[in-house]
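In the text below, chain A, chain B and the rest are named by the order of the sequence lines, each starting its count at 1.
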Amino acid sequence: MPELPEVELAARIVRRAAIGRTITSARVLHPSQRRGLPDEAAASLAGDAIVAVWRRGKHQLLRLKSGRTLHVHFRMTGDWVVLPSRCAPLPSHARVVLRFDDRSAIALDDPRALSNVTLHEPKADPLPRLGPDATSPSFNARWLRERCAGRRVAIKGALLDQRVVAGIGNIHASEALWLARLDPRVVAAGLTPAQYRAVVIGVKRTMALALARQRRYGTDANEPESYFVYGREGEPCRRCRTPVRRILQGARSSYFCPRCQRR
DNA sequence: AGTAACCTGTGC
DNA sequence: GCACAGGTTACT
């Protein structure tokens with residue numbers, strides 16, 4: 001499941017499960033997935049092989065021996081499930097299944113079926129315009145200030161904008177702003193230099209904590225106890241014990257401490 | 001900037 | 001029943 005840390009773990013899993021194996025069949029099991037990967041495109045995958053797996057933001061790129069690229073985006077609820085053998089049962093919401101020549105397979109498991117899987121010809125670039133990864137040194141206070149200048153978005157909205165910074169989603173945006181002690185509704189263009197720095201530090205720290213959690217506990221690492229504020233409405237702030245508030249910003253929940261996160 | 005749309009599941 | 005869910009795009 002899918003912000004940068006979860007997608008990073010997923011990419012590692014496919015890398016280990018799929019690199020060097022030849023695809024014997026690709027099956028698409030849900031009509032909405034067929035829009036991105038029609039049966040004919042899926043059929044053309046047989047005989048090809050996965051030679052490299054990259055992650056950029058929340059996107060995964062599976063580079064094929066033919067030079068083509070499978071672009072995968074999990075959206076809200078996608079995840080990879082590895083099937084070690086022919087008799088391993090498919091996960092309950094398998095949407096796309098890639099079988100390999102050693103009889104293992106990977107399945108895209110996605111209850112809401114919002115994930116995207118698309119196949120691209122060798123020279124195509126499937127990625128949309130993205131800012132630097134949240135974990136990249138290129139994502140720094142100067143970059144953030146420049147990308148927010150002249151806009152009226154709240155800082156929470158700016159962090160969710162993948163053209164500003166890639167990989168942050170609704171959970172980690174709230175977490176990063178708690179660390180930065182900044183109210184999610186503050187207009188991003190109006191921050192002080194120190195506040196831009198605090199936001200960037202908050203983002204890096206949030207990513208590092210989540211990546212460490214992912215490595216230790218895998219996909220089950222996302223419990224409310226893991227977070228400073230996300231999903232903890234009414235529970236005490238971990239700094240000052242003030243009850244955490246939930247508000248809606250553009251139909252998405254933001255969680256914050258009304259006492260120690262300033263406007 | 002806000003809202004619907006894409007889908008299905010869960011919990012109140 | 002309704003609100004809500006870790007995302008993104010395309011419309012007012």
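Proximity note for Leu114(A) (side chain, C-beta onward) versus dG7(C), dA5(C), dA1(B): the nearest is dG7(C). Out of dA1(B), dG9(B), dG7(C), the shortest distance to the side chain of His93(A) is found at dG9(B). Closest to the side chain of Pro111(A), out of dC6(B), dT9(C), dG9(B), is dG9(B).
Across all strands shown, Arg163(A) has no heavy atoms under 4.0 Å from either base or sugar-phosphate atoms. Among the protein residues, His172(A) comes within range of no part of the nucleic acid, since none of its heavy atoms lies under 4.0 Å from any strand. Arg151(A) comes within 4.0 angstrom of nothing in the nucleic acid, heavy atoms only.
The gap from the P atom of dA4(B) to that of dA3(C) amounts to 12 Å, rounded to the nearest Å. Distance check on atom P: dC4(C) versus dC7(B) gives 22 Å, rounded to whole Å.
If you take CZ of Arg35(A) and P of dA5(B), they are 14 Å apart, rounded to a whole angstrom. Distance CG (Asn116(A)) to C1' (dC6(B)): 10 Å, rounded to an integer number of Å. For the pair Gln249(A) CD and dC4(C) P, the computed distance is 15 Å after rounding to whole Å. Between Lys58(A) atom NZ and dT9(C) atom C1' there is a gap of 13 Å when expressed in whole angstrom units. Following rounding to the nearest Å, Asp79(A) (CG) and dG7(C) (C1') show an atom-to-atom distance of 15 Å. Taking atom CD of residue Glu233(A) and atom C1' of nucleotide dA3(C), one finds them 12 Å apart after rounding to whole Å. Between the CG atom of Asp110(A) and the P atom of dC6(B) there is a distance of 16 Å, rounded to whole Å. Regarding His30(A), its NE2 atom lies at a distance of 10 Å from the C1' atom of dC6(B), rounded to whole Å.
Residue His73(A) has no polar side-chain atom (N or O) positioned under 4.0 Å from OP1 or OP2 of dG7(C). Distances shorter than 4.0 Å separate some side-chain N or O of Gln162(A) from OP1 or OP2 on dT8(C). Look at Thr77(A) and you won't find any side-chain N or O under 4.0 angstrom from OP1 or OP2 of dT8(B). Between Arg252(A) and dA1(B) there is no side-chain N or O to OP1 or OP2 distance below 4.0 Å. Side-chain nitrogen and oxygen atoms of His59(A) include none within less than 4.0 Å of the OP1 or OP2 phosphate oxygen of dG7(C). Distances shown here put every side-chain N or O of Arg75(A) at or beyond 4.0 Å from the OP1 or OP2 atom of dC6(B).
Residue-to-nucleotide contacts include a donor-acceptor pair under 3.5 Å from the side chain of Arg112(A) to the base of dA5(C).
In the model, Ser254(A) has a side-chain atom that pairs as donor or acceptor with a side-chain atom of Gln249(A) under 3.5 Å. Side chains of Asp110(A) and Thr77(A): a donor-acceptor N/O pair is present below 3.5 angstrom, by distance only. His120(A) and Thr118(A) share a donor-acceptor pair across their side chains, judged by distance under 3.5 Å alone.
Ion pairing of Arg21(A) with Asp101(A) is absent here, as no side-chain N (NZ or NE/NH1/NH2) approaches a carboxylate O to less than 4.0 Å.
Under a cut-off of 6.0 angstrom, the local environment of CZ in Arg103(A) is sparse, with at most 12 non-hydrogen atoms contributed by other residues, nucleotides or ligands. Atom CZ of Arg151(A) sits in a crowded spot, with more than 12 heavy atoms from other residues, nucleotides or ligands closer than 6.0 Å.
Heavy-atom nearest nucleotides on DNA chain C were determined for Arg246(A) and for Pro128(A), and the one closer to the 5' end corresponds to Arg246(A).
Figure legend. dG7(C) is base-paired to dC6(B); pairs are counted as Watson-Crick or G-U wobble with both atom distances under 3.5 Å.
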